[in-house]
Amino acid sequence: MTLPSKHFALSACALAVSALLAACGGGASAPPQNDTAGPTLVIDDNVPGDVARGAVTFTFSFSESVGTSFTVEDVTVSGGMRGTLIKVNDQKYLLEVTPEPDSAGTMSVAVAAGSYADLNDNPGTTSGTHAQDFNTVRTTPPVSGDVLLASFDEATPLAFEGFNGAETSAIAAAPAGGSGQAGKIIRLGGEVWAGAKVNVDVIPLTADNRTISARVYSPLAGVPIVLKLENVADAGITTGDLQANETVVEGWQTLTWTVPANKVGPEYSWVVMLPNLGTLASVDPGETYYFDDIKLLVPAATPGTVLASFDETTALVFEGFNGAETSAIAAGPDGGNGQAGKIIRLGGEVWAGAKVNVDVIPLTADVRKITARVYSPLAGVPIVLKLENVSDAGISTGDIQANETVVEGWQTLSWNVPANKVGPDYSWVVMLPNLGTLASTDPGETYYFDDITLVPGP
């Protein structure tokens with residue numbers, strides 16, 4: 001690893017000049033006049049396993065330049081839909097083939113000998129064929145692991161308390177459209193923050209699972225429905241007031257509230273419900289709201305291709321660089337799972353980091369999101385990732401910033417590979433934690449990456 005990607009890539013202007021020179025003959029040597037041997041062809045694909053789960057990129061590698069003699073019409077495709085032929089250079093072309101959805105079978109590509117030629121018009125001497133099995137049959141999606149905090153139908157009723165003008169609130173039968181019992185909040189004057197709270201025991205928030213949902217009945221549309229979580233022993237330890245993500249309608253609907261990442265740490269047991277916060281309800285007739293089926297949402301795992309678990313039987317090639325040379329595969333800290341890529345930044349350069357070789361990454365136009373579980377000792381730092389070609393570090397995706405704000409400890413981050421960077425073969429996953437800053441040599445900074453996965457999206 002040398003410098004960041006910006007030092008490798010040609011500018012758009014340089015690329016244009018290079019292309020112009022090539023078109024005009026500048027910078028390229030003429031083909032040898034005594035060449036009478038035709039080029040040969042090898043076809044491969046980007047699928048690391050035996051069965052493809054989506055589109056497959058086939059690679060056509062010629063033994064010498066074939067100029068413009070090779071076109072998409074020279075490729076016979078079966079078992080899938082042919083895409084656009086992408087020219088990497090005069091000796092390498094890429095073609096994406098998409099299989100039928102919800103089916104299984106074999107896709108194949110074939111090129112006839114003589115359908116291509118070198119720069120001396122010597123016809124190709126070999127035909128090429130390549131087949132790849134696929135299976136796009138849809139499977140039943142994983143069941144969500146949502147945690148039900150309060151159904152209000154528990155055999156032992158939960159502690160439920162109204163306050164500051166909502167003291168008559170109680171667990172009661174839900175109105176039409178509801179299910180069984182619900183938390184009934186009756187606001188009758190008092191304070192503008194009149195509401196109720198329910199004790200649901202410790203809520204298992206994590207950096208990745210911090211959205212609360214509930215079915216809510218409101219007699220009014222457009223009112224603020226606010227929620228917060230409180231510690232059972234100290235009401236001063238809270239998430240702060242959380243505004244519902246959705247606009248409130250009249251009647252029943254499901255609302256969600258997102259706990260800020262920096263509020264995940266403490267133990268919360270009270271769910272505090274503050275309907276129409278900021279307004280004073282009349283004493284007669286007052287306002288009545290219902291809350292039901294309060295849940296902590298745990299998204300189902302996204303299916304994907306694990307690129308590096310760091311628990312492989314044959315250890316992956318893992319290298320630190322430019323001030324992170326002592327990085328290695330090692331046991332992860334608490335909250336991790338087995339081994340992880342441990343990156344130790346000790347001075348060096350502001351781009352000190354590490355990279356792992358995961359073999360060719362099967363990117364496609366629809367599957368180009370990388371996820372990883374990342375441990376950071378610091379919150380708010382940039383966690384950057386890029387993909388590099390195994391033989392030419394100048395062929396890369398460029399630096400990609402994580403989509404999420406980084407918290408202290410473990411969390412799942414994701415990076416979207418730009419659509420125009422999908423073509424080349426990438427094998428190195430380059431990890432650049434806290435890119436742009438210089439770590440101290442004592443004590444330095446230690447980060448962990450685990451379960452690097454390619455998933456559908458963005």
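Fair warning: this is a prediction, and the values are worked out from it, not measured in the lab.
- Under the side-chain contact (heavy atoms from CB on, under 4.5 Å) criterion, Ala113 pairs with Ser127, sequence neighbours left out.
- Asp146 places a side-chain N or O within 3.5 Å of a backbone atom of Val298 that can act as its donor or acceptor partner.
- Scored by the side-chain contact (heavy atoms from CB on, under 4.5 Å) test, Val249 finds Gln253 as partners (sequence neighbours excluded).
- With sequence neighbours left out, the salt bridge (charged side-chain N to carboxylate O under 4.0 Å, His left out) criterion links Asp425 to Lys92.
- Sorted by first then second residue, the salt bridge (charged side-chain N to carboxylate O under 4.0 Å, His left out) pairs that include residues 79-89, not counting sequence neighbours, are Lys87-Asp90.
- Residues passing the salt bridge (charged side-chain N to carboxylate O under 4.0 Å, His left out) test with Glu445, sequence neighbours excluded: Arg345.
- The side-chain heavy atoms of Asn434 and Tyr447, taken from C-beta on, include a pair separated by under 4.5 Å.
- Under the rule for a side-chain contact (heavy atoms from CB on, under 4.5 Å), the partners of Glu100 that lie at least two apart in sequence or sit in another chain are Ser103.
- With sequence neighbours left out, the side-chain hydrogen bond (donor to acceptor under 3.5 Å, both in side chains) criterion links Thr68 to no other residue.
- The side-chain hydrogen bond (donor to acceptor under 3.5 Å, both in side chains) analysis of residues 259-268, with sequence neighbours excluded, yields no pairs.
- Applying the ring-ring contact (aromatic ring centres under 6.0 Å, His included) definition to pairs two or more places apart or across chains, those involving residues 384-429 are Tyr375-Trp410.
- Qualifying ring pair (Phe, Tyr, Trp, His ring centres under 6.0 Å) partners for Tyr116, counting only residues two or more places apart in sequence or in other chains: Phe62.
- For Lys295, there are no salt bridge (charged side-chain N to carboxylate O under 4.0 Å, His left out) partners, not counting sequence neighbours.
- Here Thr256 pairs with Thr211, Ser213, Asn245, Glu246, Leu297 under the side-chain contact (heavy atoms from CB on, under 4.5 Å) rule; sequence neighbours left out.
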